[in-house]
Every structure is written in C-alpha cells, then in structure tokens.
Amino acid sequence: MLKSKTFLKKTRAGGVMKIVREHYLRDDIGCGAPGCAACGGAHEGPVLEPQPLDPASSLCPQPHYLLPDTNVLLHQILIWRPGTWPSVASSLRPSGSLETYVEQQQGENSNDRNDRAIRVAAKWYNEHLKKMSAENQLQVIFITNDRKNKEKAIEEGIPAFTCEEYVKSLTANPELIDRLACLSDEGNEIESGKVIFSEHLPLSKLQQGIKSGTYLQGTFRASRENYLEATVWVHGDTEENKEIILQGLKNLNRAVHEDIVAVELLPKNQWVAPSSVVLHDEGQNEDDVEKEEERERILKTAVNEKMLKPTGRVVGIIKRNWRPYCGMLSKSDIKESRRHLFTPADKRIPRIRIETRQASTLEGRRIIVSIDGWPRNSRYPNGHFVKNLGEVGDKETETEVLLLEHDVPHQPFSQAVLSFLPKMPWSITEKDMKNREDLRHLCVCSVDPPGCTDIDDALHCRELENGDLEVGVHIADVSHFIRPGNALDQESARRGTTVYLCEKRIDMVPELLSSNLCSLRSNVDRLAFSCIWEMNHNAEILKTRFTKSVINSKASLTYAEAQMRIDSAAMNDSITTSLRGLNKLAKILKKRRIEKGALTLSSPEVRFHMDSETHDPIDLQTKELRETNSMVEEFMLLANISVAKKIHEEFSEHALLRKHPAPPPSNYEILVKAAKSKNLEIKTDTAKALADSLDRVDSPIFPYLNTLLRILATRCMMQAVYFCSGMDNDFHHYGLASPIYTHFTSPIRRYADIIVHRLLAVAIGADCTYPELTDKHKLADLCKNLNFRHKMAQYAQRASVAFHTQLFFKSKGIVSEEAYILFVRKNAIVVLIPKYGLEGTVFFEEKDKPKPRLIYDDEVPSLKIEDTVFHIFDKVKVRIMLDSSNLQHQKIRMLLVEPQIPGISVPTDTSNMDNSEPERKKKKLQK
C-alpha cells in the first residue's frame with residue numbers, strides 16, 4: 001500500500017517547490033517472535049530472542065518481552081546493555097508495517113506522535129501474540145518514564161510500568177537498582193532542602209548574554225590542588241580576560257571539570273589572586289556548608305594588587321562534559337544507609353552521592369560511577385553505580401583505572417581492523433618496489449632504548465667520492481600498510497598515539513605492524529621512507545632528497561652499545577665508522593641550534609628495574625643520557641624540519657605541522673623570582689635570551705642549580721600542538737628556535753607522522769592523494785583529536801610512573817634523602833629529590849595538630865615557618881614514605897627532616913622503624 005503526502009515549500013530565490021513524500025506500507029512483515037503460527041514462523045530481518053524474559057518479577061510473573069520507549073533506552077542505557085539481563089529483547093514494530101503505521105495528527109507534535117506509535121506497536125503485539133498456543137502465551141510490557149504516556153497506555157489496556165518500577169520488581173537482580181540513573185533533580189534532593197547554589201540561567205538567556213557581552217563562554221578547569229578554586233578558559237580570540245578565576249563553592253556553582261560554562265565577571269573590587277593554599281575535600285559530612293565558607297575565607301588573604309586576576313562566577317551550563325568516573329566508595333557512617341559518597345580518582349571531580357545496596361561489597365574496590373544531576377540544595381552531585389573494576393592497589397585494576405581516567409583507547413583491535421593487515425608470510429613484491437629505491441647495500445643501523453621492539457628509525461653516514469658526506473634518516477613506511485579510510489586507518493587515527501606505561505605498551509597499530517613488519521629490525525628487508533642529505537664536514541646541507549626505499553639494517557643497537565662502539569679505539573668496522581661520523585655531525589648541529597636560541601631544558605625521567613618474577617619495581621633511578629641520545633635526536637629534528645619545509649612548499653594550505661607557542665611573560669614570573677632569590681638574572685624577552693641566561697648560570701658550590709633552573713623553565717612552557725598550515729599564521733617552534741616543524745620520524749607510534757608521510761609521498765610523486773588529505777577543515781579536526789590524545793598519553797604515563805613509585809616505596813619502606821625546593825606555597829613546599837627524580841609536597845599544617853606560625857611572601861617568594869625561612873632551590877632533607885591511610889589516594893608522603901624545626905621536623909634516624917612492607921609482615925608473623 002502506498003501513502004503519499006504533498007506540500008509546497010518556498011525556495012530562497014522566491015519560487016515555489018512542490019514536494020511529494022511517499023510512504024510504502026507492507027502487510028507481510030512478521031512479528032519476530034519464533035514459533036508464531038500467525039506469521040508462519042518465518043521472519044525477515046532481526047528476530048526476537050527465542051526465550052522471552054522470564055525473571056522473578058513481582059509485577060509480571062508470566063514470560064514476557066519488554067518494549068522500552070526511546071527516552072528509556074537513551075537515558076537508562078546501562079540497564080539495557082548486553083549481558084545485563086538473563087535474556088532480554090526489545091523490538092519496535094517497523095513504521096513501514098500496515099498494521100502499526102501512525103500518521104501525525106493535526107495539532108500533535110512529533111514527540112506525542114512517536115509516543116502514540118510505540119503504544120500502537122505494544123498493543124498490536126499483545127493482541128497478535130494471543131494467537132499463540134496457551135503454553136506459549138506471551139505478553140509485551142511497555143516501559144516508559146513519561147507519566148502521561150504511561151497513563152494513556154494503561155487506559156488503552158497495555159501493561160505499562162516505569163523503568164524504576166520494573167527494575168525494583170526483579171527480586172533476582174537487586175544490583176540493577178544501583179544502575180538506575182536519577183534523571184530528575186526533583187525528589188533526589190537532600191532532606192535539608194536548604195538552597196546552596198543559585199539557579200542556572202536557561203540556555204536562551206545565556207546565549208543572549210554571551211552575544212551582548214554580559215557573559216563569557218569558556219571551558220571550566222577545576223584545580224587539582226584546591227577544590228574551592230577553578231579557572232575558565234574563555235573561548236574566542238580575545239586576549240583580554242582570557243583566563244577567569246573562580247573561587248568558592250557558590251561561584252563554582254555546580255560546574256564540573258571540562259564543562260562548557262557561561263560566566264559573569266565580578267566587579268574589580270571583588271577580583272582575587274590565584275590561591276597558594278593546598279586544599280583537598282576530605283570531609284565526610286556532605287551538608288557541612290558552614291565549614292566550606294570558613295575554608296573560603298582562608299583563600300582571601302591580602303595580596304599585591306598586581307596579583308589580582310579577572311574573577312567571575314558561573315551563571316549557567318552551556319554543555320555538560322560528564323563521563324563515567326573511576327574511584328572508590330566512601331561508605332557512610334550511618335548503619336544500613338543506602339546513601340554513600342563516591343570519591344573520584346581525579347581530584348578535579350567533586351564527590352558524587354550515590355545510592356547502593358552493595359556498599360559492603362564495593363568497599364575497598366575501584367568502581368565506575370556516572371553523574372545524573374546536581375540539585376541546587378545538594379553539596380554534591382547525584383549519580384549511580386556503573387561497574388566494579390577490581391581491588392584497589394591491584395596492578396591490573398590500577399592500570400585499567402589510569403587508562404579509563406585518561407580516555408586511552410585500549411580495547412583489543414577488532415576483527416574489522418585486523419582484516420586489513422597483510423597476510424603472512426609477507427615479503428616485498430615487485431609491485432612494492434614501484435617508485436622505491438633499493439638501499440639495502442647501505443650500512444644502516446638503529447639506536448634505541450633497551451627492549452625497544454617498535455623501531456621507527458635508522459641512520460647511515462658514509463663518505464662520497466667528492467669528499468662530502470651522505471647522511472640518511474630512514475623511517476618505517478607505515479603508510480604503505482595503512483591505507484586511507486579503511487578500518488585500520490580509522491582506528492589508528494582515533495587512538496592517535498602509542499601510550500607507554502611502565503610495564504605495558506598500548507599500541508596505536510596492531511602488533512604485527514608495530515613490532516614486526518614496520519619495525520626496522522636488523523638483518524631483515526624493510527620498507528622505509530628516507531630523507532637523505534649531502535653535507536660537508538661542517539654539517540652544512542648541500543642537497544636534500546626524499547625517497548621511498550627498501551633497507552636492511554645491519555645492527556639494532558641500544559644507546560649504551562652505540563656509545564661503547566664510538567668510544568672504543570679497538571672498533572673500526574663500517575657500523576662504528578658510520579656512528580662516529582653521525583656523532584661528529586650531531587655535535588655541530590646541536591651547537592648551531594643552541595646558538596640560534598634553541599632551549600636545552602630539563603625534566604627528570606625515571607627508570608624502574610623490575611623483579612623478574614613478581615614484576616614489582618625493585619629499584620628506581622633517573623635515566624642516564626648519553627651522547628648517542630643526543631646524536632639520534634639531532635638527526636630526527638633535522639629530518640622533521642626538512643620534511644616540514646617540503647610539505648609546506650607543496651601544500652601551503654594543507655600541511656600538518658607542529659608549533660610551540662612562546663609563553664606569555666606572566667608564565668616566567670616564578671622562574672625570574674626564583675633566580676633573583678639566588679642573585680641571578682634570567683632574561684625572558686626571547687628564547688635566545690632565555691637560553692643564554694640559563695647557560696651563564698654556573699655555581700661551583702651548587703652545581704645542581706643549573707639543572708633546577710632548567711626544570712623550572714620547562715614548567716613555564718606552553719604545550720606544543722599540531723595544526724593545519726591553512727588555519728594558522730604562526731608556525732614558529734619556540735623551544736627548537738625553528739620557523740617551521742613537523743613530525744615525520746615516528747609513524748609506528750604517532751598518527752600525525754602517517755599523515756605527514758602521505759603528504760610527502762604525494763609531493764615526490766610516490767603515491768596519490770585523496771580528498772580528506774587536502775581538506776583543511778578535516779585536517780584541523782584531526783589535529784584537535786591528536787593534540788588531545790597526545791596530552792592524555794603524557795598524563796597516563798605520569799600516572800603510571802606515580803603508581804610504580806608507590807609500589808617501590810611500599811616495599812622499600814621509609815627513607816631519608818636530600819631534596820631541593822621547587823615551589824613554595826602558603827602552607828607547604830614542593831620539593832624534588834634528584835636521586836629518584838621524584839617530586840612531592842611537604843605540608844606544614846596537619847589535622848588535629850597545633851598550627852605553626854606561617855608567613856608567606858609571594859614577591860620573593862618565600863615561606864617562613866616559626867623562625868626558619870625557605871626559598872626556592874634551598875636544599876632540605878626529607879623523609880619519604882608511602883601513606884596508605886587513604887586507600888583512594890595512596891600517595892608518597894614527605895616530612896621535613898632538615899633543617900630541624902621544633903614541632904615540625906621529624907628525627908633523621910629511621911633504624912627503629914618497621915621500614916618495608918616485607919619487614920612489617922615478618923614482625924606481624926613473629927607476634
């Protein structure tokens with residue numbers, strides 16, 4: 001049967017267009033229920049579960065199917081996901097069926113029409129299934145949270161319940177109640193009813209206010225160190241009020257980290273300075289607002305007027321960016337209570353109030369919780385339990401938590417992705433050799449960290465007949481295996497980068513490529529993309545060429561092995577000769593870069609030595625850097641710069657480049673003040689001025705001072721980002737002092753490099769282009785994802801190091817070590833321990849202890865405790881231990897040992913303490 005609808009529409013040009021919409025209705029679509037005699041048992045398309053739902057439901061004792069409406073499916077997705085039910089099915093009768101087709105009536109909105117259509121389908125099913133035999137009699141239950149929809153269904157004789165009513169009737173599945181989302185703030189408010197927060201303005205008013213300039217739109221960024229403080233990064237190009245400070249619960253007004261918010265600027269006489277107080281939300285009493293107000297007063301101390309920043313308050317939420325959060329249950333002190341607080345692992349997220357009947361089971365476990373809403377009269381948002389991850393402290397569980405918290409895609413590669421891998425055994429064919437040079441005769445070698453299996457790059461250096469040098473950087477040709485647009489390419493683009501954890505690597509591409517076919521291992525033929533220069537002996541480039549190639553690496557060396565070859569007078573083979581040539585040129589290249597203003601900064605990196613059986617860390621050391629590290633780095637930088645120039649020449653609007661913005665002068669304040677406290681002058685007008693200032697710092701009595709200044713300078717830097725050349729005018733890379741830069745040298749572990757390889761291949765005629773490659777808007781969107789993934793990978797790596805550091809000190813016990821002050825706060829000092837490359841905070845105010853006399857001077861900066869003054873870079877001695885008092889946030893705790901301050905410092909001697917966990921267990925057994 002054909003139904004049609006005709007209407008007229010006015011075009012932009014002023015003409016009239018006649019539109020006819022036709023709807024074909026069929027009378028041969030089956031119900032989907034197996035064994036239905038009326039439908040003949042045959043069904044087209046998907047069918048219902050062969051066994052209908054038959055749980056122990058007090059509301060619906062007979063076997064039945066469920067028909068949820070659209071909103072229930074959308075908002076209660078956790079209830080319906082596969083594996084939640086013993087046997088579940090939901091089906092909507094197709095709108096193309098003659099029996100259940102519903103036309104929109106005059107005056108009826110589309111939502112009401114859809115509700116009526118679902119009721120018609122439910123009614124049809126119940127009448128249709130009555131035709132089945134008595135022993136197979138089935139019922140269809142309509143599930144809706146819409147009160148009017150439910151009332152109409154019951155009036156029409158359709159069995160209907162709300163999602164909550166039905167789930168609570170399942171006596172065999174009580175845990176499902178915890179997964180119900182609290183959709184309305186009404187009825188979920190805490191009993192006190194006291195309004196804490198101001199009402200959020202509706203979106204229409206916010207948009208008007210933003211348009212008129214009354215309000216500013218930006219991203220809400222909560223502080224890790226102070227739960228009563230946040231900043232809003234204002235969207236748009238305006239430099240004025242780019243960053244707005246928010247202080248106090250009422251001004252934060254229920255915004256959550258990463259929400260898009262509208263803020264109203266406060267009058268200038270209410271502006272504040274960023275707080276130097278470290279405050280963590282540790283209270284169990286969720287309604288103790290008076291205590292919060294007392295803590296807010298601590299933030300508002302007298303400061304220099306220059307320190308004041310634009311300050312505002314949240315007036316509304318434009319877009320919530322909530323996600324499922326990992327953390328732990330803080331069980332209520334009230335016996336038999338179902339209401340508990342959930343403490344997220346991320347300190348920027350507020351505690352979440354949930355209701356659960358599984359509190360005893362979930363205590364001491366890592367769980368996932370989602371936020372449902374945040375009423376005006378509740379100190380914390382409402383949420384619901386999602387998943388139990390495992391026991392806190394367990395390595396697998398903690399690794400899963402840090403991957404989830406940093407949004408690192410880590411599921412196994414799907415079969416759809418794996419289907420695009422080459423079939424094994426694989427070998428290079430004649431077709432592969434097209435547009436490719438055979439460079440297997442060259443003495444190529446790779447130099448990498450020990451244990452590296454994803455070898456991206458290899459090098460060679462040889463003298464030419466004319467006396468000049470040929471230097472080659474050969475990079476794995478990953479783009480040969482990953483073709484544009486297929487499932488493998490899409491998954492690689494989504495992941496964006498390989499993530500390196502302490503004991504685990506989350507690959508961007510499947511292992512067959514990362515550790516085998518693309519990895520430039522020694523003594524096997526591999527496809528590469530080569531950047532080859534002809535240089536004189538002063539490292540000046542005479543010619544540059546790029547080519548797809550085939551290489552056969554003659555050695556896969558570690559940095560230590562390569563260094564040993566260079567230093568050994570007894571070794572003069574071709575590999576060693578090549579390495580010496582490369583090392584000599586690298587030193588010249590580095591010297592030239594530094595003269596141009598490239599920064600040599602410092603960031604302590606650590607390496608764990610693992611127990612071969614338990615895989616627990618047994619030693620922790622800072623990584624040793626050799627000349628060979630610098631050698632490889634110099635040629636990777638040179639290749640990246642050379643390729644950046646080439647792809648920008650060919651694709652001025654579509655080149656994927658990487659830039660490092662110059663920091664604003666305010667970023668350097670802490671560095672300049674810290675240097676001044678040691679009677680040093682640091683100039684920050686340009687990168688060259690900063691580099692020269694750092695180079696001039698030389699203290700024979702304090703040799704570590706230069707390193708500390710470089711570490712502090714690193715903290716002042718902006719984040720380097722990927723961008724599309726057609727969407728930006730500033731290409732400069734501040735840290736490298738290079739006018740243009742990109743990433744070409746690591747395509748196994750960075751998707752940006754794969755795009756750069758594709759651009760370069762088209763530029764030299766080695767491959768063909770495709771539409772997305774020259775779409776600057778799509779490239780800009782890709783860069784946004786790559787920047788996010790790169791940032792999250794860095795955070796995940798740091799979290800992994802932090803967790804393994806905790807494991808190390810858990811077994812090592814209490815130690816005392818020398819440290820240097822990096823920052824001073826109003827109630828703490830942040831120190832760096834060179835031996836372990838470890839950073840931590842020494843607090844001087846503790847609960848239930850007398851408060852010491854603290855005087856903080858931001859100008860110097862300094863912190864006076866009783867009669868002792870601490871400045872940045874001062875040497876102290878601290879005691880390091882694992883604090884497990886808070887299972888949720890186990891942390892490395894540091895206490896001051898020296899200088900000795902009565903009532904503050906702890907004794908140096910730890911010989912009488914039960915240092916390590918094994919020692920504690922041993923003494924427990926002896927008792």
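Numbers for residues simply follow the sequence, beginning at 1. Predicted, not measured: the structure shown is a model, and the values here were computed from it. Every heavy atom of this structure was used, including side-chain atoms; hydrogens, water molecules and symmetry mates were not.
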Using 30° and 60° as the class limits, which term best fits the ring planes of Phe744 and Phe529: parallel, tilted or perpendicular? perpendicular
Pair Glu561 + Arg565, salt bridge at N-O below 4.0 Å: no
N-O pairing of Lys688 and Asp692 below 4.0 Å: yes
Side chains of Leu671 and Leu690: does their closest heavy-atom pair fall under 4.5 Å? yes
Side chain to side chain contact (heavy atoms under 4.5 Å, CB included) between Lys659 and Val721: does it pass, once the steps are laid out? CA-CA 6 Å; Lys659 68 172 183 176; Val721 291; 3.9 Å; yes
So, do Pro449 and Tyr559 sit near enough that their side-chain heavy atoms are less than 4.5 Å apart? yes
Could you check whether the rings of Tyr734 and His660 sit parallel, tilted or perpendicular, using 30° and 60° as the cut-offs? perpendicular
Decide yes or no for Leu512 and Phe481: does some side-chain heavy atom of the first lie under 4.5 Å from some side-chain heavy atom of the second? no
Could you tell me whether Lys683 and Asp685 make a salt bridge, using a distance below 4.0 angstrom between a side-chain N and a carboxylate O? no
With a 4.0 Å cut-off on N to O distance, would you call Arg494 and Glu491 a salt bridge? yes
Using modelled atom types and a 3.5 Å cut-off, is there a donor and acceptor pairing between side-chain atoms of Arg592 and backbone atoms of Ala539? yes
Asp775 side chain near Leu779 side chain, heavy-atom distance below 4.5 Å: no
Residues Glu437 and Arg545 bridged, charged N to O under 4.0 Å: yes
Going by atom types alone, do Asn785 and Arg495 pair a side-chain donor with an acceptor below 3.5 Å? no
Sub-4.5 Å side-chain heavy-atom contact between Cys443 and His460: no
Stepwise side chain to side chain contact (heavy atoms under 4.5 Å, CB included) check, Asp456 with Thr745: CA-CA 7 Å; Asp456 281 293; Thr745 54; over 6 Å; no
Residue that, paired with Pro409, satisfies side chain to side chain contact (heavy atoms under 4.5 Å, CB included) out of Arg789, Met508, Met792: Arg789
When every non-hydrogen atom of Leu402 is compared with those of Ala796, the smallest separation belongs to CD1-O, 3.6 Å
So how far is it from Arg798 CZ to Glu839 CD, rounded to the nearest 0.5 Å? 10.0 Å
For Gln415, look at atom CD and say whether over 12 heavy atoms of other residues, nucleotides or ligands are found less than 6.0 Å away. no
Compute whether any side-chain donor of one residue and acceptor of the other, for Glu503 and His804, lie under 3.5 angstrom apart. yes
Could you tell me whether Asp468 and Lys543 make a salt bridge, using a distance below 4.0 angstrom between a side-chain N and a carboxylate O? no
Is the side chain of Ser492 donor-acceptor paired with the backbone N or O of Tyr751 at a distance under 3.5 Å, no angle test? no
When you measure from the side chain of Ser725 to the backbone N and O of Ala655, does any donor-acceptor pair fall under 3.5 Å? yes
Taking the side chain as everything from C-beta on, heavy atoms only, tell me whether Phe635 gets closer than 4.5 Å to Trp533. yes
Lys554 (side chain) donor-acceptor with Asn552 (main chain) under 3.5 angstrom: yes
Pair Asn572, Arg580: side-chain N/O donor-acceptor within cut-off below 3.5 Å: yes
In the structure I gave you, are the side-chain heavy atoms of Asp407 and Phe788 within less than 4.5 Å of one another anywhere? yes
For side chain to side chain contact (heavy atoms under 4.5 Å, CB included), just list the numbers for Ser738 and Ile641, CA-CA rounded to whole Å, side-chain angles, deciding distance to a tenth of an Å, and then say yes or no. CA-CA 8 Å; Ser738 177; Ile641 291 168; 3.7 Å; yes
Across all chains, not counting sequence neighbours, the side chain to side chain donor-acceptor pair (under 3.5 Å) partners of Asn583 are Glu627
Less than 4.0 angstrom from a charged side-chain N to a carboxylate O is my criterion; do Arg593 and Glu634 meet it? yes
Would you kindly say whether Thr576 and Asp573 are connected by a side-chain donor-acceptor distance under 3.5 Å? yes
Are Asp507 and Ser514 packed together at the side-chain level, in the sense that at least one heavy-atom pair is separated by less than 4.5 angstrom? yes
Where do Thr453 and Ser519 land on the side chain to side chain contact (heavy atoms under 4.5 Å, CB included) test, with the steps shown first? CA-CA 7 Å; Thr453 59; Ser519 184; 5.5 Å; no
Quick check: does any side chain N or O of Ser479 sit under 3.5 Å from a backbone N or O of Ile754, one acting as donor and the other as acceptor? no
Lys/Arg-Asp/Glu bridge criterion (N-O < 4.0 Å) met for Glu649, Lys645: no
Check step by step if salt bridge (charged side-chain N to carboxylate O under 4.0 Å, His left out) holds for Arg626 and Asp567. CA-CA 12 Å; Arg626 298 177 171 85; Asp567 296 340; over 6 Å; no
Name the one of Asp767, Asn435, Asp477 that satisfies side-chain hydrogen bond (donor to acceptor under 3.5 Å, both in side chains) with Lys548? Asp477
Is it true that Gln794 and His406 share a donor-acceptor pair across their side chains at a distance under 3.5 Å? no
Do Arg521 and Asn516 have side-chain N/O donor and acceptor atoms under 3.5 Å apart? yes
For a quick check under 3.5 Å, do Asn640 and Tyr741 share a side-chain donor-acceptor pair by atom type? yes
Side-chain donor/acceptor of Asn486 to backbone N/O of Leu488, under 3.5 Å: yes
Inspect the contact between Asp454 and Arg749 and indicate whether a charged nitrogen and a carboxylate oxygen are less than 4.0 angstrom apart. no
Could you check whether the rings of Phe723 and Phe731 sit parallel, tilted or perpendicular, using 30° and 60° as the cut-offs? tilted
